[in-house]
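Have a look at the structure below before the remarks.
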Amino acid sequence: MGQNQQTQSSDEELALDNIQDLYRFFIMECPSGSLYLHEFKRMFGVVNGTPESLYMDSIFRAFDMNHDNTMDFIEYVAALHLVLRGKLEDKLRWSFKVFDSDDNGRLDRSELRKIVKIIYKIKKGSITDESGTTYLTSEEVCTRIFREVDVNSDGQITLEEFVEGAQKSEWVRSFLQLDVNPSGWVQRHLCDRKLCAKDS
């Protein structure tokens, strides 16, 4: 237990030690003090008009906590914290927010279908069942997620159903993992600038 407390306290100290460097980096990238969607996409090398671009729109919306169409420094730090140190449940809750385009706390089939189609294109249609031999269409993926996650079969997925279902289903978690995600960029750019902890 003492070791866990030491690790937690060193993580907190690391975050405090790096906050000034992180702020300098943020201001260099976003001199206005606000990160706009086009800057966010540029950071990740995502081009408009691609499936990745549509997904990044949803990601940006989920990180824009006050819905002002920009990310301020606090939202930026919260995003980095989630990417670098977030627990599985926190990441799933964030994924749900990405999917929930009308922000009503429930996913209907059309919301799920929209994001599934984008992820399907990003993964170039290479989504299979557990055996890895049968390729699924985007509609089959959507049906499968509803079957595994919509516990009460009411045609809507609540946040609780989404989190519990994804924690229980390795297949759902695997589907949600993308090559296009912030952690790769964060590791390349921030760790290069010594903002991340060095491996011991």
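For the numbers below, each heavy atom of this structure counts, side chains included, while hydrogens, waters and symmetry mates do not.
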Can you give the donor-acceptor pairs under 3.5 Å from side chains of residues 105-112 to other protein atoms, not counting sequence neighbours?
from, atom 1, to, atom 2, distance (Å)
Arg106, NE, Gln156, OE1, 2.7
Asp108, OD1, Ser110, N, 3.1
Asp108, OD1, Ser110, OG, 2.9
Asp108, OD1, Glu111, N, 2.8
Glu111, OE1, Asp108, N, 3.1
Glu111, OE2, Ser101, N, 3.2
Glu111, OE2, Ser101, OG, 3.4
Glu111, OE2, Asp102, N, 3.2

**Request:** Determine whether Trp94 and Ile59 make a side-chain contact, defined as any pair of heavy atoms from C-beta on separated by less than 4.5 Å.
**Result:** yes
**Prompt:** What residues, two or more places apart in sequence or in another chain, satisfy side-chain contact (heavy atoms from CB on, under 4.5 Å) together with Glu140?
**Reply:** Leu136, Thr137
**Message:** Applying salt bridge (Lys or Arg N to Asp or Glu O under 4.0 Å) as the test, list every pair that has at least one member in residues 71-80; sequence neighbours left out.
**Reply:** none
**Lys41: side chain to side chain donor-acceptor pair (under 3.5 Å) partners, not counting sequence neighbours** = Asn48, Ser53, Asp57
**Request:** Would you please name every residue forming a side chain to side chain donor-acceptor pair (under 3.5 Å) with Arg173, sequence neighbours left out?
**Result:** none
**Prompt:** Distance from Ile115 atom CD1 to Asp100 atom CG, nearest 0.5 Å?
**Reply:** 10.0 Å
**Asked** Are Ile145 and Phe162 side-chain neighbours, meaning at least one heavy-atom pair lies under 4.5 Å?
**Response** no
**Request:** Sequence neighbours left out, what passes ring pair (Phe, Tyr, Trp, His ring centres under 6.0 Å) with Phe26? Give chain and number order.
**Result:** Phe73, Tyr76
**Message:** Going by the rule side chain to side chain donor-acceptor pair (under 3.5 Å), which residues pair with Thr70 if we only count those two or more places apart in sequence or in a different chain?
**Reply:** Asp68
**Asked** Under the side-chain contact (heavy atoms from CB on, under 4.5 Å) test, which residues partner Ser169, sequence neighbours left out?
**Response** Glu148, Trp171, Val172
**Prompt:** When rounded to the nearest 0.5 angstrom, what is the spacing between OH in Tyr36 and CZ in Phe60?
**Reply:** 9.0 Å
**Request:** Just jot down the side-chain contact (heavy atoms from CB on, under 4.5 Å) partners of Arg147, sequence neighbours excluded, or say none.
**Result:** Arg144
**Request:** Return the set of residues passing side-chain contact (heavy atoms from CB on, under 4.5 Å) with Lys117 (not counting sequence neighbours), or none when no residue passes.
**Result:** Arg113, Ser138
**Message:** The criterion is salt bridge (Lys or Arg N to Asp or Glu O under 4.0 Å); which residues satisfy it with Arg61, sequence neighbours excluded?
**Reply:** none
**Request:** Can you sort out the partners of Ser32 under side chain to side chain donor-acceptor pair (under 3.5 Å), two or more places apart, ordered by chain and number?
**Result:** none
